[in-house]
Amino acid sequence: MKLSLFKIGLILVVLGSIWIAIIFEDSERTRGETVLKQSTSFEIKSGFTGNDIGFYRVLMPEFDGEVVFIQTLDPNGNILEDERIQTKLSVGYFDYERDGIHTIKITNTSKNSVYVQVELGDTNSKKMVPAGILVLVGSIALIIMSYFKLKNYNIAQPDENIS
């Protein structure tokens, strides 16, 4: 079997993508769920070490136009970011630079009760760099080979004077 640069590029992209998925799935995360009544809050905490990127995922399975307010807090209680969520599923990312317990605080700002599922964790993005380079090299190989294949491709044109 002859391996072309196109096939090698495709294999690199697939392997790099699988590697990234495995790293992300192995990250530590904390999950919680609750029913928030009007103007009540819920907190979920997770410990982070080093300097990386954290994430949170908020799911409202029975979404009916409700609005929740989310704050991401560092170990000292400082607000890293805040956001109003008006969708069934929302994913957010935040940078953290110090070790400690980070907190996600969810507040129900709508008039109805809201059932929320929350997940807080670390992306392990620094461990993904080699896999990302693998995907990048594979993607560049795919683009180069696609260009060379399409460069000489001719489309047959019909005769202009067909009666």
Side-chain angles (χ1 to χ4, degrees), residues 6-144 146:
F6 185 83
K7 289 178 184 175
I8 292 171
L10 187 61
I11 290 169
L12 290 176
V13 169
V14 170
L15 289 177
S17 299
I18 291 170
W19 189 0
I20 288 172
I22 290 170
I23 291 171
F24 188 72
E25 195 58 38
D26 285 343
S27 66
E28 292 185 32
R29 20 185 121 186
T30 306
R31 292 181 175 97
E33 55 187 67
T34 189
V35 175
L36 291 173
K37 295 184 174 139
Q38 182 181 4
S39 301
T40 59
S41 296
F42 173 68
E43 291 185 354
I44 188 166
K45 300 178 182 212
S46 185
F48 294 98
T49 57
N51 179 1
D52 208 345
I53 299 172
F55 77 95
Y56 61 85
R57 183 180 67 90
V58 177
L59 174 66
M60 295 182 275
E62 300 161 8
F63 180 73
D64 193 25
E66 295 89 0
V67 178
V68 294
F69 183 71
I70 295 206
Q71 289 183 319
T72 307
L73 308 170
D74 70 4
N76 296 331
N78 299 321
I79 297 173
L80 296 175
E81 73 173 34
D82 52 10
E83 177 182 8
R84 284 182 62 208
I85 296 178
Q86 302 177 21
T87 59
K88 182 175 183 173
L89 175 67
S90 178
V91 178
Y93 298 92
F94 59 93
D95 295 324
Y96 63 88
E97 297 176 350
R98 49 174 80 139
D99 297 350
I101 305 291
H102 286 68
T103 306
I104 297 292
K105 182 178 179 181
I106 302 111
T107 305
N108 183 5
T109 58
S110 61
K111 295 179 181 176
N112 302 328
S113 294
V114 179
Y115 173 67
V116 293
Q117 297 173 349
V118 185
E119 185 175 4
L120 173 64
D122 185 9
T123 61
N124 287 329
S125 64
K126 294 194 180 198
K127 293 180 183 176
M128 293 182 192
V129 171
I133 292 171
L134 200 63
V135 170
L136 177 66
V137 169
S139 299
I140 291 171
L142 286 173
I143 291 169
I144 290 171
S146 298

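Within the structure, every pair that satisfies the side chain to side chain donor-acceptor pair (under 3.5 Å) test and touches residues 124-138, not counting sequence neighbours, is listed here: Asp52-Ser125. Pairs passing the salt bridge (Lys or Arg N to Asp or Glu O under 4.0 Å) check and including a residue from residues 97-122, sequence neighbours excluded, read Arg29-Glu119, Arg31-Glu119, Arg57-Glu119, Asp74-Arg98. Listed by first and then second residue, the ring-ring contact (aromatic ring centres under 6.0 Å, His included) pairs that reach into residues 60-84 come to none, sequence neighbours excluded. Counting only residues at least two apart or on different chains, no side chain to side chain donor-acceptor pair (under 3.5 Å) pair has a member in residues 86-95. Every pair passing ring-ring contact (aromatic ring centres under 6.0 Å, His included) that includes a residue from residues 102-129 is listed here, sequence neighbours excluded: Phe48-His102, Tyr96-His102.
For Glu66, the salt bridge (charged side-chain N to carboxylate O under 4.0 Å, His left out) test picks out no residue, with sequence neighbours left out. Residues satisfying the side-chain hydrogen bond (donor to acceptor under 3.5 Å, both in side chains) test with Ser41, not counting sequence neighbours, are Thr107. Qualifying side-chain hydrogen bond (donor to acceptor under 3.5 Å, both in side chains) partners for Glu83, counting only residues two or more places apart in sequence or in other chains: Tyr56. In this structure, Thr34 has no side-chain hydrogen bond (donor to acceptor under 3.5 Å, both in side chains) partners at least two apart in sequence or on a different chain. Listed by chain and number, the residues in a side chain to side chain contact (heavy atoms under 4.5 Å, CB included) with Ala131 are Trp19, Ile20 (sequence neighbours excluded). For Ile106, the side chain to side chain contact (heavy atoms under 4.5 Å, CB included) test picks out Leu36, Phe42, Val68, Ile70, Ile104, Val118, with sequence neighbours left out.
Atoms CD1 and CD, on Ile18 and Glu25 in that order, are 14.0 Å from each other to the nearest 0.5 Å. Note that the CG atom of Leu10 and the CG atom of Leu15 stand 9.5 Å from one another [nearest 0.5 Å]. Taking CD from Gln38 and OG from Ser110, the interatomic distance works out to 7.5 Å, rounded to the nearest 0.5 Å. Leu73 CG to Ile79 CD1: the interatomic distance, rounded to the nearest 0.5 Å, is 6.0 Å. Taking CG of Asp82 as the start and CD of Gln71 as the end, the distance is 6.0 Å to the nearest 0.5 Å.
When all heavy atoms are compared, the tightest approach of Asn108 to Val67 is OD1-O, 3.6 Å. Across Pro75 and Gly100, no two heavy atoms sit closer than the pair CG-CA, 3.7 Å. Nearest heavy atoms, Ile44 versus Leu120: O-CD2, 3.7 Å. In terms of heavy atoms, Ile101 sits closest to Gly47 at CD1-CA, 3.8 Å.
Using a 4.5 Å heavy-atom cutoff, the side chains of Ser17 and Val135 are in contact. Residues Glu28 and Ser46 are not in side-chain contact: their nearest non-hydrogen atoms beyond the backbone lie 4.5 Å or more apart.
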(Q) Walk me through whether Ile53 and Phe94 qualify under side-chain contact (heavy atoms from CB on, under 4.5 Å). (A) CA-CA 6 Å; Ile53 299 172; Phe94 59 93; over 6 Å; no
